[in-house]
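Just so it is clear, the structure is predicted and the values come from calculations on it, not from any experiment.
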Amino acid sequence: MPEDLSDGTAVAVRLAGGAPLRDTLAVADPGDWLVLDAAVREVAWYRSRFLPEWEHTDPLPADLTHLGESRLALALCHRDGRIREAAVRRSARCPGLLPLIVIRCADWAEPVRERARKLLREVLDARTAVDLTPLILRVGCRDRGAFGIELLEEVLGRAPRGRLTALLGHPDRTVRRFGYRLAVEHRLLRPAELAHAAARDQDTVVQDLCATAALTSLQDEGGAYDEVLTPLLTARSPRTRSAGVTALRRAGRPKQAEPFLVDRSALVRACARYVVRQHGGDPAPWYRERCAAPDDPGLPPGAVIGLAECGNRADAGLLWPLLAHPAAGVRARAVAGLRALDLADAKRLRPLLDDPAPAVVRETTAALLPSAKQLSADWLLERTGPERPRHVRVAAFRLLVTQGGVVALRAAVRLLEDPDVKLRTWAEQSVQRWHPSAEVRRGDAEVGELLDRSRHLFSDHVLRRRKREAGLDG
C-alpha cells in the first residue's frame, strides 16, 4: 500500500497495467488516495511511457469512454485538466472512484472542480458520506476544500441518528470531533450520552465538547443531574472531572465537591475549592484539619498540596512533619507544598535526596535547584556513584550541573564511561555545552585535564577554543 510518493508511483504504474484498484491500494484509507493523486502526476511527468498517452485534442479521444476503473482512476489524477474533467464525466458509472471525485472537488482547475462538485452532490448519500468522511475532512483542509465539508454536514445532518455511530467511534480523532460536533449541533444525543462520551473518549477536544454540551442540555431541557454528573465525576480525564465538579455549584451540592478537594489533579482541586467557597465554605481549615495528624496512614496526598495551594506560609508548620510520613506520595506533596510556599530550606530538604521513592527525590531536586550552590559538591558527587539508585544519581548530577563551573565539568567527565546509557549521554552533552563561568580560575590545570579526558567529544578546533576560554594553552 502506498505510504509516500515513491510507493504511490509504483501503484500508479500497476494501475496503468490494468491491476484492479482494490488489489493495489487500501481503498478505505484516505491517505492512499491522496498519495495516488500526487504520484500519478509524478509518473505522468517523468515516466509517461507507463501511462496512457492522450493527445491534447478536443473532444478527447473516444478510448477514454471505454477505460476500465483502474485507468480511469489515472485519468482522474492526470496532469492535464481537460483529461481530468473528461474523466469526471465518465466516473458516474464507477462508484469505487468517488474518493477521487472528492479530491477533484478541490481541484485548482475550475471546470474540473465544478463538474466534480455537481457529481458528488448528485451521488452522495448518508451511507457513502460516512465512508468518505475521513477523506472529505482531509481534503477540506486544502484551498477550495470547504465545499466537501459543507456538503457532508448537509447530508449527515438529515441522516438517521444511527448513521453517525461509525463516526463517533472512529479511530481518527478528527473524524470523531466532526461527528460529535454534528451530533451536538443537531441535538442527536441525550445529555447522559454526551456525558458518557466525555468520560470515555481520549481526545481532549471531544471531552470538552461533550461535557459542555451535556451540561448545557441539562440546563436547557432539565433532567436528572445524576445521569450526567456521575460519569463526569468518575472520568479519568481531569478536564472532564473538573467540568463535573464545577457543575456541582449549579446543582447546589457543595458537600459532593469536598472529596475532590484532594483530587490528584490541581485543576480539579481548584474547581472543588471554587464550589465550596461559592456556598460559603472555606477549604483552608478543611485541609488543615486533615494535615494535622502527620502519622495518619490514610492522609491523601492531595490534601497536602491542597493546603499549600490555598493556605499561607504559616501552614509550613503542618507540612514539615509530613516529610517523614510513611507514604511516598505524601512526602512528595509535602516537598512540593513547601516549594509552592517558597519555604524550601536546603539544609532540611537535603536528606530527602536519598529517599527510596523517585517521586520524592524529583520533587526535592526541583525544590533545591534555586539553592543548588548551597549543597556540598563532594556530597553530591558521592551520590552519582554506580552503587546508588538511579533516581538518586540523576538528581545529584542535575544539581551538580546547576552549580556550574569546575564542579559541573568534574561531575560530567566522571560519568562519561557510566554503564547507564542515558546518564552517559547526558554527561556527554553537558561536557559539550560547558563553558568556563566567572568563578572558574583562569589557567586551572584541572580544567585542562578534564577537557583532555573528554577530547573525543570535540573537534581539535573546538577543544583548543574551549581551552583558550579557560585561559589554557591549546
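Between the side chains of Asp125 and Thr128, at least one donor-acceptor pair of N or O atoms lies under 3.5 Å.
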Between Arg333 and Val330, does a side chain to side chain contact (heavy atoms under 4.5 Å, CB included) hold up when you go through it step by step?
CA-CA 5 Å; Arg333 292 300 199 175; Val330 172; 5.9 Å; no

Show your reasoning for whether side chain to side chain contact (heavy atoms under 4.5 Å, CB included) applies to Leu120 and Leu98.
CA-CA 8 Å; Leu120 187 64; Leu98 267 182; 4.1 Å; yes

Could you check Asp355 against His391 for side chain to side chain contact (heavy atoms under 4.5 Å, CB included), going step by step and ending with a plain yes or no?
CA-CA 9 Å; Asp355 197 280; His391 63 277; 5.8 Å; no

Mind running salt bridge (charged side-chain N to carboxylate O under 4.0 Å, His left out) on Arg453 and Glu417 for me, showing each step along the way?
CA-CA 11 Å; Arg453 287 171 58 187; Glu417 297 181 1; over 6 Å; no

For side chain to side chain contact (heavy atoms under 4.5 Å, CB included), just list the numbers for Val139 and Leu34, CA-CA rounded to whole Å, side-chain angles, deciding distance to a tenth of an Å, and then say yes or no.
CA-CA 9 Å; Val139 175; Leu34 293 170; 4.1 Å; yes

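Interatomic distance, Leu76 CG to Ile83 CD1, rounded to the nearest 0.5 Å: 11.0 Å. Annotation: the span from Asp418 atom CG to Thr425 atom OG1 amounts to 10.0 Å, rounded to 0.5 Å. Taken to the nearest 0.5 Å, the SG atom of Cys210 stands 12.0 Å off from the NE2 atom of His196. Rounded to the nearest 0.5 Å, atoms CD (Gln202) and CZ (Arg236) are 6.5 Å apart. Between Leu72 atom CG and Arg93 atom CZ the span is 5.5 Å, to the nearest 0.5 Å. Here the CG-CG distance, from Leu156 to Leu124, works out to 7.5 Å after rounding to the nearest 0.5 Å.
The two residues Ala26 and Asp32 come nearest to each other via the heavy atoms N-OD2, 2.9 Å. Between Val112 and Gly81, the closest heavy-atom pair is CG2-O, 3.3 Å. Across Cys105 and Arg117, no two heavy atoms sit closer than the pair O-NE, 2.9 Å. Taking each heavy atom of Ala211 and Ala243 in turn, the nearest pair found is CB-CB, 4.1 Å. Heavy atoms only, all atoms of each residue included: Pro30 and Arg138 are closest at CG-NH1, 4.1 Å. Contact detail for Leu400 and Thr384: the closest heavy-atom pair is CD1-CG2, 3.9 Å.
With contacts defined as side-chain heavy-atom distances shorter than 4.5 Å, the pair Leu380/Gln403 qualifies. Put simply, the side chain of Thr246 does not reach to within 4.5 Å of the side chain of Leu215, judged on heavy atoms. Side-chain contact between Tyr274 and Val245: absent, with no pair of heavy atoms (C-beta onward) separated by less than 4.5 Å. Leu132 places none of its side-chain heavy atoms less than 4.5 Å from the side chain of Trp33. Val123 places none of its side-chain heavy atoms less than 4.5 Å from the side chain of Pro95. Counting heavy atoms from C-beta outward, Glu153 and Ile149 have side chains that approach closer than 4.5 Å. Trp426 has its side chain within reach of Val394: a pair of non-hydrogen atoms, C-beta onward, lies under 4.5 Å apart. Looking only at side-chain heavy atoms (C-beta outward), Val392 and Leu353 stay at 4.5 Å or farther from each other.
Each of Arg104, Arg115, Arg113, Lys118 was scored for a salt bridge (charged side-chain N to carboxylate O under 4.0 Å, His left out) with Glu85, with one residue passing: Arg115. The residue from Val431, Leu423, Leu450 that alone fulfils the side chain to side chain contact (heavy atoms under 4.5 Å, CB included) condition with Leu416 is Val431.
Side chain of Arg177 to backbone of Val206: no donor-acceptor contact under 3.5 angstrom is found. At least one donor-acceptor pair under 3.5 Å links the side chain of Arg176 to the backbone N or O of Pro171. The backbone N or O of Leu188 sits less than 3.5 Å from a side-chain atom of Arg161, completing a donor-acceptor pair. Formation of a donor-acceptor pair under 3.5 Å by the Ser242 side chain with backbone atoms of Cys271 is not found in this model. Of the possible polar contacts, none joining the Arg249 side chain to the Val275 backbone as a donor-acceptor pair under 3.5 Å is found. Looking at Gln432, its side chain never comes within 3.5 Å of a backbone N or O of Phe458 through a donor-acceptor pair. A donor-acceptor pair is defined here as one N or O able to donate and one able to accept, closer than 3.5 Å; such a pair exists between the side chain of His170 and the backbone of Asp172. Between the side chain of Arg144 and the backbone N or O of Asp107 there is at least one donor-acceptor pair closer than 3.5 Å. Under the 3.5 Å distance criterion, the side-chain polar atoms of Arg466 are matched with a main-chain donor or acceptor of Trp434. No donor-acceptor pair closer than 3.5 Å links the side chain of Arg269 to the backbone N or O of Phe260.
The pair Glu185-Arg181 does not count as a salt bridge, with every side-chain nitrogen at least 4.0 angstrom from each carboxylate oxygen. For Arg121 and Glu154, the salt-bridge test passes: some basic side-chain N is under 4.0 Å from an acidic carboxylate O. Under a 4.0 Å N-O distance rule, the pair Arg127/Asp131 qualifies as a salt bridge. Salt bridge annotation for Lys255-Glu258: present, with a cationic side-chain nitrogen under 4.0 angstrom from a carboxylate oxygen.
Summarising the local packing, CZ of Arg390 is surrounded by more than 12 heavy atoms from other residues, nucleotides or ligands at distances under 6.0 Å.
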